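Keep in mind that this is a model prediction, so the values were computed, not measured.
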Amino acid sequence: MPVVIGGKPESSFADPIGLLGDCHRRIEAFLSVLGQVAAEAQGGPMSDSQSTAWKAALRYFREAAPKHTADEEESLFPRLREIDRPEARALLTRVDTLEAEHVCAGRAHDEVDRLGRLWLDDGSLPSEQAARLCTVLGQLSELYRRHIAIEDGEVFPLAATMLSALDRKAIGGEMAARRGLKPTL
């Protein structure tokens, strides 16, 4: 993502909860790109700038987004399940729902990727496939709107206050490792 003058700086692996929120902003931005290009081109030929943006967004959801899901499901959520406090226990049913939504989003992204690559390869999509692509992108947008609101508004604030510094450091280290990086803690 480009640097925005005056924008909030990206979080680091030392602040894994903040980094998860930053990932949400990228998900929203790349999903917006997909929706905008699909609506503008409507399955017809893409301009060079549309094609470039489309390829970048597809690549993000194919390569980076699964790491974000793993960050939550393998690092964050298990640690939240270990917290023996009423506030954490009350949130666990929401966490179960979020994991189920990850599966639904993954299936939808697979379909978007398949149709999106077909569009790139063929230069256009038949009207039925273009309509299906727009439908799936609309469903994904709605799923993410609700999903991200719960994570940003409920899960991440609870995690930020209830996880120990050691847990946060471990989560950041695991997130960095998923990306083949050394954490800068």
Show the nearest heavy-atom pair for residues [X] and [Y], with the distance to one decimal.
{"X": "Leu115", "Y": "Leu125", "result": "O-CD2, 3.8 Å"}
{"X": "Val155", "Y": "Leu98", "result": "CG2-CD1, 3.7 Å"}
{"X": "Ser51", "Y": "Leu120", "result": "OG-CD2, 3.7 Å"}
{"X": "Leu143", "Y": "Cys104", "result": "CD1-CB, 4.0 Å"}
{"X": "Val33", "Y": "Ala57", "result": "CG1-CB, 4.1 Å"}
{"X": "Glu151", "Y": "Pro157", "result": "O-CD, 3.9 Å"}

Looking at [atom1] of [X] and [atom2] of [Y], how far apart are the two atoms once the value is rounded to the nearest 0.5 Å?
{"X": "Leu92", "Y": "Phe77", "atom1": "CG", "atom2": "CZ", "answer": "10.0 Å"}
{"X": "Lys55", "Y": "Arg62", "atom1": "NZ", "atom2": "CZ", "answer": "11.0 Å"}
{"X": "Tyr144", "Y": "Leu31", "atom1": "OH", "atom2": "CG", "answer": "7.0 Å"}
{"X": "Leu91", "Y": "Met162", "atom1": "CG", "atom2": "CE", "answer": "9.0 Å"}

Residues [X], [Y]: salt bridge by 4.0 Å N-O rule:
{"X": "Glu111", "Y": "Arg107", "value": "no"}
{"X": "Arg81", "Y": "Asp96", "value": "yes"}
{"X": "Asp15", "Y": "Arg168", "value": "no"}
{"X": "Arg114", "Y": "Asp110", "value": "no"}
{"X": "Asp122", "Y": "Arg117", "value": "no"}
{"X": "Glu28", "Y": "Arg25", "value": "yes"}

_Run the side-chain contact (heavy atoms from CB on, under 4.5 Å) test on Leu163 and Ile83 for me, step by step, so that the C-alpha distance in whole Å, both residues' side-chain angles and the decisive distance to 0.1 Å come before the verdict._
CA-CA 8 Å; Leu163 289 174; Ile83 298 172; 3.9 Å; yes
Are [X] and [Y] side-chain neighbours, meaning at least one heavy-atom pair lies under 4.5 Å?
{"X": "Arg132", "Y": "Val136", "answer": "yes"}
{"X": "Phe30", "Y": "Leu58", "answer": "no"}
{"X": "Glu74", "Y": "Glu174", "answer": "no"}

Spell out, as yes or no, whether a donor-acceptor pair under 3.5 Å connects the side chain of [X] to the backbone of [Y].
{"X": "Trp119", "Y": "Gly44", "value": "yes"}
{"X": "Gln50", "Y": "Ser47", "value": "yes"}
{"X": "Thr135", "Y": "Ala131", "value": "yes"}
{"X": "Ser141", "Y": "Leu137", "value": "yes"}

_Can you tell me if Asp121 has over 12 outside heavy atoms packed within less than 6.0 Å of its CG?_
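More than 12 heavy atoms, drawn from other residues, nucleotides or ligands, come within 6.0 Å of this atom.
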*Flag for Ser75-Arg178: side-chain donor and acceptor within less than 3.5 Å*: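 Per modelled atom types, Arg178 and Ser75 side chains form a pair under 3.5 Å.
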*Kindly indicate, with the supporting measurements, whether the criterion salt bridge (Lys or Arg N to Asp or Glu O under 4.0 Å) is fulfilled by Asp71 and Arg179.*
CA-CA 10 Å; Asp71 294 339; Arg179 290 153 180 83; 2.6 Å; yes
*Take Glu82 and Arg79 through the salt bridge (Lys or Arg N to Asp or Glu O under 4.0 Å) test and state the conclusion after the steps.*
CA-CA 5 Å; Glu82 292 174 0; Arg79 286 176 174 87; 5.9 Å; no
_Once you measure the plane-to-plane angle for His24 and His68, does it fall in the parallel (<30°), tilted (30-60°) or perpendicular (>60°) bin?_
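Judged by the thresholds at 30° and 60°, the geometry between His24 and His68 is perpendicular.
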*For the residue pair His109 and Phe61, does the interplanar ring angle fall in the parallel (under 30°), tilted (30 to 60°) or perpendicular (over 60°) class?*
parallel
*Check step by step if side-chain contact (heavy atoms from CB on, under 4.5 Å) holds for Met175 and Leu20.*
CA-CA 10 Å; Met175 290 171 69; Leu20 289 168; 4.0 Å; yes
*Going through the distances and angles, do Ile150 and Thr97 end up as a side-chain contact (heavy atoms from CB on, under 4.5 Å)?*
CA-CA 10 Å; Ile150 292 168; Thr97 299; over 6 Å; no
*For the pair Asp167 and Ser164, evaluate side-chain contact (heavy atoms from CB on, under 4.5 Å) and give the outcome as yes or no after the intermediate values.*
CA-CA 5 Å; Asp167 279 336; Ser164 70; 3.5 Å; yes
*For Glu72 and Lys67, what are the C-alpha separation, side-chain angles and deciding distance, and is it a salt bridge (Lys or Arg N to Asp or Glu O under 4.0 Å)?*
CA-CA 9 Å; Glu72 292 177 351; Lys67 291 178 179 96; over 6 Å; no
